[in-house]
Amino acid sequence: MRLINLIPARPAAIFLAALPFIAIFAAYSIGSDIRLEANPQDKLLPAPSTIAETAQRLFTEPDRRSKEIFLWNDTFASLARLFGGVGISALLSLLIGLAIGLLPYARSTMSSFIAVLSMVPPLALLPILFIMFGLGETSKVVLIVIGITPFMTRDLAQRVLEIPQEQIVKAQTLGASSAVIAMRVALPQVLPRLISNVRLSLGSAWLFLIAAEAVASNVGLGYRIFLVRRYLAMDVILTYVIWITILAFIIDWLLKTLSRKAFPWMESGL
Amino acid sequence: MRLINLIPARPAAIFLAALPFIAIFAAYSIGSDIRLEANPQDKLLPAPSTIAETAQRLFTEPDRRSKEIFLWNDTFASLARLFGGVGISALLSLLIGLAIGLLPYARSTMSSFIAVLSMVPPLALLPILFIMFGLGETSKVVLIVIGITPFMTRDLAQRVLEIPQEQIVKAQTLGASSAVIAMRVALPQVLPRLISNVRLSLGSAWLFLIAAEAVASNVGLGYRIFLVRRYLAMDVILTYVIWITILAFIIDWLLKTLSRKAFPWMESGL
Amino acid sequence: AEEKTEFKLAWSIYVGWMPWGYLEDSGIMDKWADKYGIDVEIVQFNDYIESINQYTAGAFDGVSATNMDTLSIPSGGGVDTTALIVGDYSNGNDAVIMKGEGGLADLKGKPVNLVELSVSHYLLARGLDSVGLEESDLDGVINTSDADMIAAYATDDVDAVVTWNPLVSEITGSNPTANVLFDSSDIPGEILDLMVVNTETLAGNPSFGKAVAGAWYELMSLMAAGDEAALTAMAEASGTDLAGYKAQLAATEMFYDPAAAVAQSTSADLPTTMTSVAEFLFDKGILGEGAPSADFVGIAYPDGSTTGDAGNVKFRFDTTYMQMAADGAL
Amino acid sequence: MSFVTVSNVWQKYGDRSILERVNVTIEEGEFISIVGASGCGKSTFLRMLLAQERPYKGEISIDGGDTAKEPNRERGVVFQKYSVFPHLSVRENLIAAESFDTAFGRLSGAKRKAAEARADEMLERIGLNHVADQYPASLSGGMQQRLAIGQAMTAKPRILLLDEPFGALDPGTRLQMHDFLLELRDETNMTVFMVTHDLQEGFKLGDRVLVFDKPRWDPHDPGMYGATITYDFDARDGGIPFQLKEDADVSA
Amino acid sequence: MSFVTVSNVWQKYGDRSILERVNVTIEEGEFISIVGASGCGKSTFLRMLLAQERPYKGEISIDGGDTAKEPNRERGVVFQKYSVFPHLSVRENLIAAESFDTAFGRLSGAKRKAAEARADEMLERIGLNHVADQYPASLSGGMQQRLAIGQAMTAKPRILLLDEPFGALDPGTRLQMHDFLLELRDETNMTVFMVTHDLQEGFKLGDRVLVFDKPRWDPHDPGMYGATITYDFDARDGGIPFQLKEDADVSA
Ligand SMILES: Nc1ncnc2c1ncn2[C@@H]1O[C@H](COP(=O)(O)OP(=O)(O)OP(=O)(O)O)[C@@H](O)[C@H]1O
Ligand SMILES: Nc1ncnc2c1ncn2[C@@H]1O[C@H](COP(=O)(O)OP(=O)(O)OP(=O)(O)O)[C@@H](O)[C@H]1O
Ligand SMILES: [Mg+2]
Ligand SMILES: [Mg+2]
């Protein structure tokens with residue numbers, strides 16, 4: 001039979017799905033073993049057991065001095081920044097995207113500007129951002145906003161443009177004003193797309209967040225990673241990397257679920 | 001008339017498109033003026049004329065010692081890394097994407113792994129990358145590859161899955177093997193998507209490139225920006241930012257044109 | 001240890017380390033390496049910490065680092081490391097700067113921006129100590145990347161920074177109100193800029209030590225003589241001009257003469273300094289969670305004495321090769 | 001006076017003439033079928049009636065009014081596809097025909113109640129009361145088009161424009177839709193314009209059948225001249241005029 | 001011996017029975033129309049003939065062979081949509097029917113030349129020689145389906161399966177396609193299975209018309225029993241048997 005027609009049975013499929021994770025884990029363990037053999041104090045690839053211990057400590061034991069558990073503080077601080085930045089971006093891109101998609105005047109004014117904006121490397125502009133927004137939370141949120149809004153806006157505007165012209169005309173024949181068309185016809189139809197855009201942009205948002213926290217901060221996941229890099233505490237770094245991965249996964253899953261629940265009309269197709 | 005039905009005439013449209021650029025330029029000039037008024041030595045917002053002079057110098061005057069023009073060297077070095085990384089990512093994502101999309105066994109094995117992989121923040125893994133791949137060009141290219149391949153692969157696999165099942169069945173009735181279906185049915189149909197994926201991923205690729213060059217390098221656009229950032233040489237930084245923006249724009253435009261030229265069957269619709 | 005012929009050194013941009021880049025570019029290093037039949041490659045890093053990490057992970061045989069970072073990263077990480085060359089000590093290159101009038105005591109209740117856990121942090125701790133304050137008396141320290149320190153200083157959020165050259169002169173030069181409260185000239189000899197190498201590698205390959213020391217002191221004599229070409233090249237590589245570089249050198253106590261470097265290494269103050277550095281590091285948790293006390297890592301001095309755990313010596317000051325240079329024996 | 005007057009209407013896109021010298025007058029309550037070769041400008045004509053675009057030259061007046069500048073509640077429309085809102089349930093689609101005319105596009109309180117009652121009446125009439133809470137995507141093509149027609153009629157337009165409303169349906173459903181439309185006509189006496197590819201359909205449903213075609217033809221420049229109304233049949237006897245038999249296949 | 005033998009075939013998806021006890025034998029060269037209510041399992045039956053899926057129970061044999069495990073060149077197929085390759089030109093689509101059977105999916109040299117010549121012959125036969133170098137997207141729906149049929153026939157399958165091949169076409173085009181198919185049949189004497197919603201079409205084109213329906217029905221559990229062949233008409237006289245008139249609207 002052709003390979004494309006061969007379908008693994010249920011238990012085999014589960015095993016296959018686990019395979020690459022097992023392989024990565026095994027490769028890491030062996031690498032770690034080899035290095036620790038040569039230098040028992042090697043910090044680059046700590047043993048999995050060390051990572052597990054460190055993780056447990058980071059999640060549960062408060063700091064000696066401040067009596068606070070850093071990991072949770074870092075998580076809350078980073079998530080607040082992330083959600084702030086992504087939320088503002090979502091709102092902005094929705095507003096501008098609707099305007100560009102629906103209004104020819106807005107389209108003429110903004111579409112090429114946003115196309116250019118989306119090509120600017122935001123990290124290089126950090127110094128200017130600092131001056132404009134200070135070193136506090138604002139500039140971190142703004143970096144995320146600048147980093148992901150142009151892309152989201154372009155995509156949303158495109159989706160608004162793809163709403164069949166028939167619907168826009170139909171709404172007009174029912175007496176809808178531009179505002180009603182925006183709110184009642186276009187907005188609900190691009191909301192699902194907004195969510196998938198947010199999902200797509202979250203990777204970049206994390207990146208900008210970590211970069212901003214590395215530059216000036218005293219709490220946050222990115223801050224901690226770059227701080228402990230100063231003494232190559234890879235056990236801490238790896239714990240944080242895994243934790244960020246898990247957080248990213250949960251957020252993605254929540255958004256996917258939200259999208260499915262909130263937009264029943266998307267899926268009730270025949 | 002409704003706003004959505006008001007269409008600007010040709011000259012008005014051109015003026016409107018220029019408006020935001022003019023506004024940004026004006027805002028910058030005023031900001032720069034104010035700061036230079038207060039402190040003529042201020043480096044943060046150099047006067048546009050200063051930037052123009054710096055740009056001219058950077059583009060044309062060779063370094064006294066090495067007789068080379070840094071900007072061009074940086075550009076070639078960075079573009080080589082960028083194209084290397086993006087090229088490898090494109091190839092990898094195409095191969096894995098086709099496998100996942102066509103072969104149930106490959107799908108079981110890799111799809112959840114790649115989903116997880118795409119959530120890992122690659123910047124945090126930089127130290128490990130440098131150890132594994134050295135400090136040379138490899139690790140910079142690898143960072144780009146790790147950063148953008150999972151996303152591209154997921155999307156391509158999705159597109160392969162979206163090829164109507166009818167076509168796959170039809171090809172089988174014409175005697176096509178799995179390999180022929182991959183090469184002659186699936187591959188040509190996802191190539192346009194590959195190009196648009198590359199276009200989408202280039203922003204992240206630049207980001208990773210700049211980040212990698214900031215850590216270990218002695219040539220490259222990102223290297224230079226981080227080097228002069230210590231002295232807040234904003235005239236140099238802004239020149240480089242504008243230059244990167246232009247490069248990104250040209251690459252994007254080339255890819256768009258390539259896509260249009262290479263896939264006539266995409267556009268010859270009724 | 002095994003013998004080998006190819007060696008790699010890492011360095012990053014700092015006034016006292018600029019000679020390393022020039023050694024590679026000018027061919028002086030190659031000349032000395034050829035003399036001893038080996039090959040030495042000197043690689044520049046943009047990111048100082050990354051260069052030490054890479055050395056610690058084994059990708060390099062040596063790296064330019066301060067005494068403090070050597071103790072915390074490679075030595076704390078179990079890599080037995082030797083200070084091959086003591087290049088200089090910071091004599092004003094690191095500084096605590098505040099906006100406006102006042103003294104160290106006025107830092108109380110203010111946030112301070114600095115690269116956390118770096119020599120800046122140490123300098124601040126020493127400064128606060130001198131006026132009877134502690135870090136907890138501040139409104140916290142905010143980790144700020146050195147690359148963005150100048151931009152950070154320009155924002156209203158920042159009251160005080162601790163940083164190093166060329167950033168210090170950049171800040172004091174362009175901000176009339178910048179007020180240096182405390183600098184490394186107040187703690188001379190405590191912030192040492194070194195070239196540290198893997199002890200085992202050095203032990204197995206004395207010619208490596210000889211070649212590096214030979215090359216370094218050849219260039220030192222050029223610099224001492226004010227060689228324009230060399231100084232200009234270094235100035236440009238660090239992103240400034242000759243005058244700017246000379247100003248930075250003025251705040252650096254370069255040991256152009258190997259004998260001076262030997263003297264610094266054998267100074268009686270060194271063990272005291274290193275002990276206070278170790279305590280600082282332990283206090284910040286940098287020596288690792290496994291570290292039971294501040295003397296968890298042992299440090300050996302040229303006279304054979306040690307501080308810290310003598311059974312776990314991972315950091316050694318060794319004057320052998322500097323002495324050879326001083327004796328003209330290379 | 002006639003109800004809809006189209007006088008000397010031309011339309012061009014760029015340099016290409018699509019329609020020229022179209023003149024026709026329609027009485028209130030007439031059902032007009034429009035047929036013609038593919039691409040000859042039938043939809044263009046309908047778009048001008050709808051005021052989705054304005055004629056290059058000429059006037060289109062309803063009940064003596066001026067040429068309209070944009071679509072409004074005077075003109076209802078049903079396209080071949082996408083005529084209903086996919087994100088609104090069947091009932092909400094009908095309510096939209098009343099609520100979209102308000103400032104915020106929503107009705108509340110008593111008004112909403114009244115609109116719901118009227119929507120349910122319409123649902124009954126178009127036979128969709130059993131799927132009132134479903135979304136359009138879960139309806140068959142025929143049901144979607146019935147909904148689209150019901151929605152257009154809820155807004156009580158003065159003229160109703162149909163652009164190949166049954167073009168995407170299979171033959172069986174199509175026949176049912178014919179019955180449905182004929183019933184509605186008997187009840188309401190609307191003025192209807194319907195574009196169709198199917199000549200039989202045109203004659204079966206229409207009171208008049210307008211045939212669009214190019215009367216002039218420049219072999220060197222096919223875009224030179226536009227189409228116009230070349231035949232205007234009385235179809236009230238319900239049959240296909242014999243002389244047309246060979247043209248029947250305009251859709252080919 | 002009969003050419004295609006379907007013996008006691010059942011199909012289930014999960015717990016839902018779709019087809020049960022389907023038995024039928026077909027002679028070589030017969031044209032079989034398959035009709036039945038929407039969702040009753042016509043396409044499922046075709047998919048099993050195609051070997052795209054295997055029966056839950058029972059055997060399907062062509063010319064005495066075993067039940068096939070996957071689609072192959074013995075079975076040609078044309079679906080309602082997506083039956084041609086959009087990225088290949090019309091001529092390349094026909095050549096694909098020969099080249100896809102090779103190791104790399106490409107022909108070169110003399111073989112390619114010969115395949116091109118045969119493709120051009122086929123183009124002539126299906127009336128598409130004037131658009132040989134265009135891509136499918138620029139063809140009308142009817143032309144695309146003609147290409148799909150031509151492509152399937154180029155591979156010289158032993159049976160040809162058509163799943164509502166004209167379902168998406170407008171009535172005029174549909175009639176043309178009927179003529180086209182009847183012509184081809186006269187020339188080639190293929191064994192054809194065609195699913196259709198249109199009973200008239202089934203009787204017009206088929207030698208036999210198989211009607212699928214559920215013979216048993218459990219009101220508490222509609223998924224309990226599957227459909228099977230309930231009528232098997234001889235349609236060679238070309239007319240619709242009178243007793244079926246009222247069932248004619250199976251598509252509703
Ligand atoms: N906005 C436009 N810009 C330029 N050309 C257009 C535009 N709209 C339609 N055309 C052209 O005008 C001609 C008439 O189009 P129209 O849609 O009115 O034809 P039609 O008679 O409805 O055809 P069909 O039967 O295929 O629906 C076509 O050749 C079409 O390509
Ligand atoms: N792969 C599948 N998994 C589960 N159920 C399926 C699958 N394929 C088809 N079905 C179900 O089997 C039943 C028969 O489907 P089939 O497509 O054969 O019907 P059909 O007679 O071709 O209908 P139509 O006239 O609408 O094409 C339907 O209820 C369908 O929902
Ligand atoms: Mg039309
Ligand atoms: Mg079917």
Side-chain angles (χ1 to χ4, degrees), chain B residues 90 94-95 97-99 101-107 155-197 255 258-270, chain E residues 43 46-47 50-53 68-90 92-106 131 133-141 143-144 148 151-161 163:
Chain B
L94 198 56
L95 288 176
L98 279 175
L102 288 175
L103 309 178
Y105 267 89
R107 185 148 65 244
D155 190 77
L156 280 182
Q158 190 51 40
R159 298 296 153 160
V160 174
L161 280 169
E162 280 169 12
I163 293 177
Q165 193 57 27
E166 283 91 336
Q167 284 183 29
I168 309 291
V169 171
K170 179 85 181 205
Q172 295 186 56
T173 67
L174 302 180
S177 65
S178 295
V180 168
I181 290 175
M183 285 187 308
R184 297 276 284 141
V185 179
L187 177 65
Q189 293 197 61
V190 294
L191 275 184
R193 184 67 200 179
L194 178 70
I195 293 189
S196 62
N197 262 335
L255 284 171
L258 170 68
S259 180
R260 232 194 349 252
K261 291 271 159 67
F263 309 110
W265 52 272
M266 291 279 299
E267 302 217 75
S268 56
L270 275 170
Chain E
S43 299
L46 223 63
R47 279 200 299 274
L50 182 60
Q52 190 184 342
E53 53 190 58
K69 290 191 171 143
E70 55 181 353
N72 55 31
R73 278 174 76 90
E74 279 194 324
R75 302 127 207 268
V77 70
V78 172
F79 299 102
Q80 182 169 346
K81 282 187 296 189
Y82 308 122
S83 295
V84 293
F85 302 110
H87 58 291
L88 300 179
S89 73
V90 168
E92 285 166 346
N93 257 292
L94 291 178
I95 294 172
E98 306 195 24
S99 65
F100 275 20
D101 198 23
T102 61
F104 296 103
R106 293 191 181 277
V131 292
D133 295 319
Q134 291 185 22
Y135 289 98
S138 68
L139 305 184
S140 71
M143 289 159 99
Q144 289 187 22
Q151 186 189 48
M153 289 196 341
T154 304
K156 301 209 187 350
R158 308 197 64 178
I159 61 174
L160 180 60
L161 306 166
D163 195 350

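Please read all numbers here as calculations on a predicted model, not as lab measurements. Protein chains get the first letters and strands the later ones, always in sequence-line order, with residue 1 at the start of each.
For E:Y82, the parts lying under 4.5 angstrom from a heavy atom of chain B are both the backbone and the side chain. Of the two parts of E:A103, only the backbone, made up of N, CA, C and O, holds a non-hydrogen atom closer than 4.5 Å to a non-hydrogen atom of chain B. Residue E:P86 touches chain B through both its backbone and its side chain, counting heavy-atom pairs closer than 4.5 Å. Contact annotation for E:S89: neither backbone nor side-chain heavy atoms come within less than 4.5 Å of a heavy atom of chain B. Heavy atoms closer than 4.5 Å to chain B are found in both the backbone and the side chain of E:Q151.
Counting heavy-atom pairs under 4.5 Å between each of E:V78, E:L50, E:D101, E:D163 and chain B puts E:D101 at the top. Between chain B and the options E:A97, E:A152, E:P157, E:A155, heavy-atom pairs under 4.5 Å are most frequent for E:A97. With chain E as the partner, the residue from B:S177, B:P164, B:A179 showing the most heavy-atom pairs under 4.5 Å is B:P164.
Of the possible donor and acceptor atoms, none in the side chain of E:R73 sits under 3.5 Å from a partner among the backbone N and O of B:T173. Formation of a donor-acceptor pair under 3.5 Å by the B:K170 side chain with backbone atoms of E:F85 is not found in this model.
The CZ atom of B:R184 sits 5.0 Å away from the CZ atom of E:F100 when rounded to the nearest 0.5 Å. Note that CD of E:Q52 is 6.0 Å distant from CD of B:Q165, once rounded to the nearest 0.5 Å.
Listed here is the closest heavy atom pair of E:K81 and B:E166: O-CG, 3.8 Å. When all heavy atoms are compared, the tightest approach of E:F104 to B:V180 is C-CG2, 3.9 Å.
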